[in-house]
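Comments concern the structure below.
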Amino acid sequence: MSSFPGRMKEYPYISLDRFDHENLHARAYFLSHCHKDHMRGIKAPKLKRRLRSSRRVKLYCSPVTKELLLSSRKHLFWEEFIVPLELESPTQISLVDEASGESEEVVVTLLPAGHCPGSVMFLFEGRHGNVLYTGDFRLALGDAARMEHLHSGSRVKDIRSVYVDSTFFDPRFYQIPSREACVSAILRLAGDWMARGALHVLWLNCKAAYGYEYLFARLGREFNTRVHVNNLQMFRRMPEILSYVTTERQTQIHACRHPKGEKYLRGNRLPCGCRSRDGADLRVLSVKPTTMWFGERMRKTDVLIKSGSDAFRACFSFHSSYCEVKDFLSYLRPARVFANVVPMGCTLAEVTRMLQTTCRKRPRDDPAYKPLGLLKGRRAAPTPPRDGQSDDDDDGLFDGSPPKKKPPQRRRLPDERGGRTPPPPAPEEDSPPQPVAGDADREERTANFLDCTESNDDSEEDGRSEEDEQSEGDESGTKWRRRTGSEPPKWEDFFAAEPLPDSQKSLDGQSPPGRRAPEASGEREDDVDDIDDVDVDDDFSLSLSASASNHSSQNREAAEADEPTPPRLDFDIPCTPDSKRPSPEQLTALYRKLARGDDLSSAD
DNA sequence: GCGATCAGGT
DNA sequence: CACACCTGATCGC
């Protein structure tokens, strides 16, 4: 659960995912996704009052998040204040203090977060540097390298702070099977079961929250059916989701839940009480999406665990694993990282300490510090220099070796901005508020975590793994490039915002487009119908266009599951105004020094 | 009566 | 295991 207080140190006039307390005075609001723990205060009377008395405050979010937010009548009052922003389109926003008229510009870019429909990360670029707020995210290894807007030219942008989803940033949650592995296992299980006959139905025991929709969609497409859910109200503005769900109980796949206080679901019953036409008993296979994680050494990655005669737990995670978070941060190498979440059984100090590991080293004792650019494979002296692209300092967490001193980090230039977006240059040093955890005692007391128990080796009797290990089908080595669609639609369909008809962004800096043309989601509701917050029982008769469904067998293109190193951009020599490209000889000399672990400060 | 907070359950 | 959420109890306005 997010405990992010709502504001970032660099841009305190902005509030993100929080709408209470100090955040009541924000000059602009940002909502990363529609989960309640990121919406605190969003409908409080105090906030409504604030909005009414303001002419400028807006809420920025993705187009999908807008639709989901407005799906609840309680949030309809937001409509006139919402400014949906396309993903991956830098947009300049003016943060205006309405009393004084004082204003500050910031450029924001929404990046896909893979957490639930509409979920995004926010990259802010402005006077106080580049900062990234991730909201909640589930990104695969190497995803950061694929995000164009985290780069400037061929290099990673200089990021001052990352406010990161640290839900699973704890070595206990070392690895979580890839999303694709999990979904395809569920698809197979479902297929095997339902193939036994029409009386064999599947019940997905999902929590009440956005995030399972892509599962529904995959199942719907694969089996040309719809998933039974309790009500459609939460999807009413999302036609492409609506087309995979139904309130009609006569379907083989259910994700319904027990209405109220009824608990008589026992045995093999569906929560909706659905029975077969002739009254014969249904055979219900229950599948409970559950986060399952695996320790460092566990190569076994069963994504399905039998938990009863007709019951399975299926691996399913909304959040990135330790490895995925670490990969993400290690790639970006921000100056500082802040935890948005304190993982279970862990203190804020502990997470922060571990997060610090992924930061680039602050040249505290080296005032003459000169950024050198991206160096690959840089190791500390005691460690033999490794080449290849595993340039991650794996801080001795898992290799059984004694904790090493932190090796000098990759260094980078403070990004010269070559892009089209012109955020003003960041001031060099603005004494960071409190980059937690001093480091005098840099004993990585991570040893505590070395012997953490693995999660799932308790797999039961018939632990036949549906899928053996497999992992994301990421062609490693891909350049960061957005994939453009020609493949069958999948995850991205729901998790990236769909293109809006009006794609113009508010670049004028003074007044964001307060009112928008009809959204892409079709179903423009002009005045809200009578759908109440409770049960809607209409059967939306939507055509189930099951056109694409043939990508089921392309399940795995195995990439090594335990190969945590993402594709890296190549070694790059900085092109600072005051430096020139080193000659090959100079480079060779530099490499020699690096290999010996020599001090580089004397280098020239 | 409403909101905020916490405990307990799924 | 957790997640995200709901319900109900309690306290304060």
Side-chain angles (χ1 to χ4, degrees), chain A residues 1-4 17-21 23-24 31-49 68 71-72 74 113-119 135-138 165-177 179 182 203-213 215 229-231 233-234 255-266 271 286-295 298 302-303 305 307-308 311 313-322 324-325 340-346 351 449 452-460 533-535:
Chain A
M1 292 280 174
S2 173
S3 55
F4 180 69
D17 289 352
R18 285 292 288 267
F19 305 83
D20 54 357
H21 305 299
N23 302 297
L24 283 166
L31 178 61
S32 69
H33 66 286
C34 269
H35 278 163
K36 295 276 190 293
D37 57 326
H38 290 253
M39 296 162 62
R40 281 219 261 169
I42 204 168
K43 59 177 170 52
K46 278 182 190 167
L47 181 65
K48 288 186 182 175
R49 234 174 290 131
L68 296 181
S71 292
S72 167
K74 294 173 182 142
H115 175 71
C116 71
S119 66
D136 283 350
F137 75 150
R138 174 82 202 265
D165 173 12
S166 44
T167 303
F168 291 138
F169 194 73
D170 178 323
R172 275 181 303 158
F173 313 112
Y174 192 78
Q175 186 206 348
I176 296 174
R179 173 142 41 208
C182 299
W203 177 50
L204 299 167
N205 184 357
C206 298
K207 300 282 192 261
Y210 293 115
Y212 301 96
E213 294 72 20
L215 214 204
V229 296
N230 281 27
N231 87 56
Q233 128 108 15
M234 62 192 290
C256 44
R257 291 174 308 118
H258 334 89
K260 264 283 201 267
E262 319 191 32
K263 45 4 192 21
Y264 64 98
L265 81 147
R266 52 158 205 300
S286 125
V287 172
K288 181 173 188 156
T290 306
T291 307
M292 303 193 296
W293 59 84
F294 301 87
M298 290 203 65
D302 283 340
V303 295
I305 302 287
S307 57
R313 285 186 298 153
C315 183
F316 197 93
S317 179
F318 294 166
H319 298 272
S320 275
S321 67
Y322 176 81
E324 288 162 343
V325 175
N340 293 347
V341 182
V342 179
M344 289 291 303
C346 193
V351 215
F449 297 98
C452 61
T453 53
E454 315 298 11
S455 51
N456 284 325
D457 41 15
D458 59 275
S459 31
E460 326 223 338
D533 260 356
V534 259
D535 280 292

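All chains are named by letter (A, B, ...) in the order of the sequence lines, taking the proteins before the strands, and each is independently numbered beginning at 1.
When the nearest nucleotides of DNA chain C are assigned to A:Arg257 and A:Met344 by heavy-atom distance, the more 5′-ward of the two goes with A:Met344.
Between the side chains of A:Ser32 and A:Asp17, at least one donor-acceptor pair of N or O atoms lies under 3.5 Å.
Here the C1' atom of nucleotide C:dC5 and the NZ atom of A:Lys288 are 13 Å apart, to the nearest Å. Atom P of nucleotide C:dC5 and atom CG of A:Asn230 are separated by 15 Å, given to the nearest angstrom. One can place CE of A:Met1 at 7 Å from P of C:dC5, the figure rounded to the nearest angstrom. Here the C1' atom of nucleotide C:dA4 and the CG atom of A:Leu215 are 16 Å apart, to the nearest Å. The CZ-C1' distance, from A:Phe294 to C:dC1, rounds to 13 Å in whole Å. For the pair A:Asp17 CG and C:dA4 P, the interatomic distance rounds to 12 Å; values are reported in whole Å. Per the geometry, CZ belonging to A:Phe168 stands 7 Å off C1' belonging to C:dC3, to the nearest Å. What separates CZ of A:Arg49 from P of B:dC2 is a distance of 16 Å, to the nearest Å.
The aromatic rings of A:Phe168 and A:Phe173 are tilted relative to each other, their planes meeting at an angle between 30° and 60°. Under the 30°/60° scheme for interplanar angles, the aromatic rings of A:His33 and A:His38 are found to be tilted.
Remark: A:His258 is not in phosphate contact with C:dC6, judged by side-chain N or O atoms under 4.0 Å from OP1 or OP2.
Taking every side-chain heavy atom of A:His115 into account, C:dA4 is the closest of C:dA4, B:dA4, C:dC1. Of the candidates C:dC5, C:dA4, C:dC1, the closest approach to any side-chain atom of A:Ala208 belongs to C:dC5. Of the candidate nucleotides C:dC3, C:dC6, B:dT5, C:dC3 has the atom lying nearest to any side-chain atom of A:Phe318. Taking the side chain of A:Pro45 as heavy atoms from C-beta on, and the options B:dG3, C:dC6, C:dA4, the nearest nucleotide is B:dG3.
Looking at heavy-atom distances under 4.0 Å, A:Asp165 makes no contact with the nucleic acid at all. Residue-level contact check: A:Thr167 touches the backbone only, with heavy atoms under 4.0 Å from sugar-phosphate atoms and none from bases. In this structure, A:Lys207 reaches the bases: a heavy-atom distance under 4.0 Å links it to at least one base atom across the strands shown.
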Can A:Asp165 and A:Val325 be said to form a side-chain contact (heavy atoms from CB on, under 4.5 Å), step by step? CA-CA 8 Å; A:Asp165 173 12; A:Val325 175; over 6 Å; no
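Two residues are said to be in side-chain contact when any heavy atoms from C-beta on lie closer than 4.5 Å; A:Cys116 and A:Phe318 fail this criterion.
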